[in-house]
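To keep things clear, I will list the structure first and then write my remarks on it.
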Amino acid sequence: MATVEEPRTFIRPDGKEKVTGTGRYTADLVLAGELVAKFRYADHTHARITRIDTTKARALPGVLAVVTHEDVPDVLYGGMVQDRRLFAKDTVRFEGDVVAGVAATTAEIAEQAAALIEVDYEPLPVVTDFEAALADDSTLVHPTWESYEGDEALGRHDNTLGYSTIVKGDADAALATADVVVKGRYFTDPVQGVPIEPRAVIAQWQGDKLTVWTSTQVPYAARAGVATTLQIPESNVRVIVPLLGGGFGAKCDFHFEGHVAALAKAARRPVKLVFSRREEFFAVGHRREGMVIEFESGARSDGTLVARKARLVLDKGAYCGEGGFFAQMAAMHALGPYELENVHIESSLVYSNNQPSSSIRAPTAPQVCWALEQHMDELATALGMDPVDLRRKTLIETGSVTATGQVLERIAMKETLEKAVEMIGYGQELPDDEAIGVAVGWWPCFASKSGAYVKLNPDGSGTIITGAQENGTGSVMAMPTYVAAELGMQPEDFSMLYQDTDAAPYDMGSCGSQTTFNSGRAVIAAAVDLRDQLLDAAAEKLEASRDDLELTGGSILVMGSPDKSVTIAELAGEGTFHGKSEDVVPDGPEAPAEGCVGRLGLESFHAPQLIAHAVRVRVDRGTGVARVLEVAAAHDCGKILNKIGADGQVYGGVVMGIGQALSEGTQLDAEGRHRNAHLTDYKLVTASDAPKIDVAWIETDTPGAGPKGSKGVGEPPCVPTAGAVANAIAKVIGARVHKLPMTPERVWEAGA
Amino acid sequence: MSVQTFTTASTVEEAIAAVAAGARPVAGGTDLVVGARTGKSTMPESVVAIHRVAELHGVESLADGGLRLGALASHAEIAASGDVRKRFTALSDASAIVGSHATRAQGTVGGNLMNASPAMETGGPLVVLGATATLRSPSGTRSVAVEDLWTGPGKTSAAADELLVGVEIPAPAAGTGSAYLRLEYRRQMEIAVVGASAAVAVADGVVTEARVAMTALSATIRRIPEAEATLIGSDGGSAAIDAAGAAVAAASTPISDVRGSADYRRAMAAVIAGRAIETALSRAREENA
């Protein structure tokens, strides 16, 4: 056990195994007798199923199970609206709908068997134009939508799955009085999470007990999904996540654990599903949504924003899942971190026969921010103002009241802007093919229950038992650091028992930038409880008052009597110490949100994180190819508890933002099928394309913040990047690109 | 279909015998396996690994000023050659940007040529440098100009029993400069959406020789005689370059796909070809200086 207490870098304990290739991910696990699962996907993107015949598939030697809707309970599931079955029953609604699953002794046999399943269809009209899906006479993706259970506040109607407005004052009347009015219409392609580890699931039954190893960001949601769809108690389901190879949101929600468990049950053998890269693109009901975004803003000649109107249409795709809150979340980003006198924002989340969208890192925010920040720059141009000056004039600050009535008690929005423009050297002379663009954004924290235990082992080392996930987000660094700080020990003194639903209490998972905010709070609370137990024991042993004791360097000392001390290891060897969290979820801020509909709780942003990015971009006018050369990212994410991890989140988020800005987009054909479901033509940004990224943290004390004044960190870094890049491109080419991603061809078309 | 027979050849004769018996040769494996995995092609029933055949390796500068590339010369090896960089610069440009570091370490020039993708990097440079491919079969050896090697996307004029064993590039004329350029959306893992190669010789301020080829703009990589004609005899100034670029665009028959529309590709054909020619000309002038 380390006993020297000095600040130093704590290297992530899972780093070495990941880098050297010894780490074991879900697909690496091998169970005796395991079978391979393959799915038969929908042959149409919208069709009625008239017949499913599995006879030939079942007869194929080596096939041990074929499962269709007939073999599982007839259960509808879905986080916010229950609109989906594990296996399609009467209708397929997108390319990746699963009609049947096969478990066989080899992948080749399973594939062959899946192809042998006979499915007859009556094709239905395909709804791919999600804006047109709003029309009264549109084909309904879910004709029986009224019969579905779902969150009442969504305001569902026909193809509209969610509808939300933000209304303040009279925007139309105010626009009529504005000195300058600017309008814009923007369009975004769907984007994928693209975890480098394609997902894998292994299911094994022992009697009524089921163990599922799965590459999920949300093991507790996966457990609940299995229990619901297979109609078994959660206590019979154990979900374990081996090393997780990234997720970026795409591994949130319950996806295929139920399918594989059903196959394992039918086959009476363990069954393993490992996705191909192509499946990871098209079959996962989880990608960033395409949008149509319209803005109209009016300002007085001094820059004051008198009104903003916005109309947003979001492509939900075929099913709801956990992403039902997108209409309201997008509306909040259409508001943005601005002071606005009058507002009318209308946001619709619409079913289509496209791949379902759900939370990808900061869902809805990068696209809406990209459009809004371009719109703000266009407004600045119309006003004859510098775009940074316009933001200085109009951004929220401490004491601001948002359009929904939330009072912002302490925020550092403007400080992030100033820091970002300072870091990039805004205003410097640049070659005529380069420009600097600036964009700002915001993102809420999500308070959720979480629990943890910290126990001491007899040798004085400790084990942290937490529901926190390691999705690349750094919780394996953060949690030991937090606990060690409470106990006067070193992070290396702790191991983690995590990503196992049978071990730790419920946790939301690696989503919503919540790991430090909630899991961190629980882990620290458990450490404090353990600390109390240690102090009690030490007080007795040292015959000293608790108040005189100090935990430091792995020992408990009596202050002022350096010779009176006991090591934590000694105490641990003699007694039993286990701390447990007592969870107090911080209350969110109030927002009256008068006149707003579709209120799901996002009308106020809990402990908002504020972001400003300034980027220097070079555009090749001949080809439209844009390169991001430099990024300055300034964030108010409250107090930073783990700087290496936080900086890493910004580097990754910015690079993801650049991908969204310039090259990442799923292209669909007329029937909603993927045209670029592979890494050759779904163009991620490579390490060679990554620019210089400078990070600054503006550490504020935000009311309602997480442990020690922290806020979230993980999602905001990808929010304003695309908007900043867009503004830089527009400065170089003197024209706006109204489609995202801003591919070379689109930049060239716009007038490079 | 899965592979039923896999053998490893240690001599050219063994490799040729296996190919003649119906096996597909695999060297770097960057096209064969990847293509099968993505469904672009099927795995052949019989495969012969040729990567251990020593005679097929190597980048060799010839006494007559030419260059010989073994079919198994990797892109990384070619890109690292100082002689290629100095005298066959277009090929160096191309080899340095094939795929990723991993692709370049593994992928071979022979595989690139015989895969016959109209978007391959090394094809255009070898065409404008006047390279010939050497094909061997049990019945003998023949040479074919690289520009006559391809008959369509994924198709070559090689007979079923022929194995590409090497590529020879003749000594460039004095005062030659060459370049390969592609339109790229990112710096690694990129595939040419539009590419252009140029090799030009300049004497006394006049272009005396010019070869221009386009990549990813028609069913096969091919030379554009109209572009070459506008350059030969000219001063290699911007008017001649623009005219040559326009000739490439006019000769292109691009497709629209996820990588770009035909209109964009055609417009970029002129831009990229113009830049490739301009770079080749400036390299030629440096040679003369």
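Lettering follows sequence order; numbering is per chain, from 1. Side-chain atoms are counted along with the backbone in the values below, which use heavy atoms only and exclude waters and symmetry mates.
- Remark: the backbone N or O of B:Ala49 is not paired with any side-chain donor or acceptor of B:Thr8 at under 3.5 angstrom.
- Within the 4.5 angstrom heavy-atom criterion, atoms from both the backbone and the side chain of A:Asp689 approach chain B.
- In this structure the side chain of B:Pro44 reaches within 4.5 angstrom of the side chain of B:Leu32, judged on heavy atoms.
- For chain B, the nearby parts of A:Arg675 are the backbone and the side chain; heavy atoms of each come within less than 4.5 Å.
- For A:Arg627, the part sitting under 4.5 Å from any heavy atom of chain B is the side chain, from C-beta outward, and nothing else.
- Using a distance-only test at 3.5 Å, with no hydrogens or angles considered, a donor-acceptor pair links the side chain of B:Tyr185 to the main chain of B:Arg259.
- Side-chain polar atoms of B:Thr30 and B:Gln106 form no donor-acceptor pair below 3.5 angstrom.
- If you tally non-hydrogen atom pairs under 4.5 Å between each of A:Val625, A:Thr743, A:Thr686 and chain B, the highest count goes to A:Thr686.
- Aromatic ring orientation, A:Phe187 versus A:Phe130: parallel (interplanar angle below 30°, classes split at 30° and 60°).
- If you measure heavy-atom distances from B:Val258 to chain A, the contacts under 4.5 Å come from both the backbone and the side chain.
- Both the backbone and the side chain of A:Glu745 come within less than 4.5 Å of a heavy atom in chain B.
- Across B:Gln188, B:Met189, B:Arg265, the residue that shares the most heavy-atom pairs under 4.5 angstrom with chain A is B:Gln188.
- Within the 4.5 angstrom heavy-atom criterion, atoms from both the backbone and the side chain of B:Ser261 approach chain A.
- Proximity of the aromatic rings of A:Tyr41 and A:Phe282 is defined here by a centroid distance below 6.0 angstrom, and this criterion is met.
- Remark: side-chain polar atoms of A:Gln355 are paired, donor with acceptor, to backbone N or O of A:Phe281 under 3.5 angstrom.
- Of the atoms belonging to B:Arg275, it is side-chain heavy atoms, and not backbone ones, that fall under 4.5 Å from chain A.
- Contact count against chain B (heavy-atom pairs under 4.5 Å) is highest for A:Thr623 among A:Thr623, A:Thr680, A:Asn676.
- With a threshold of 4.5 angstrom between heavy atoms, A:Leu679 approaches chain B through N, CA, C or O but not through any side-chain atom.
- Under a 3.5 Å cut-off, the side chain of A:Glu197 and the backbone N or O of A:Ser215 do not form any donor-acceptor pair.
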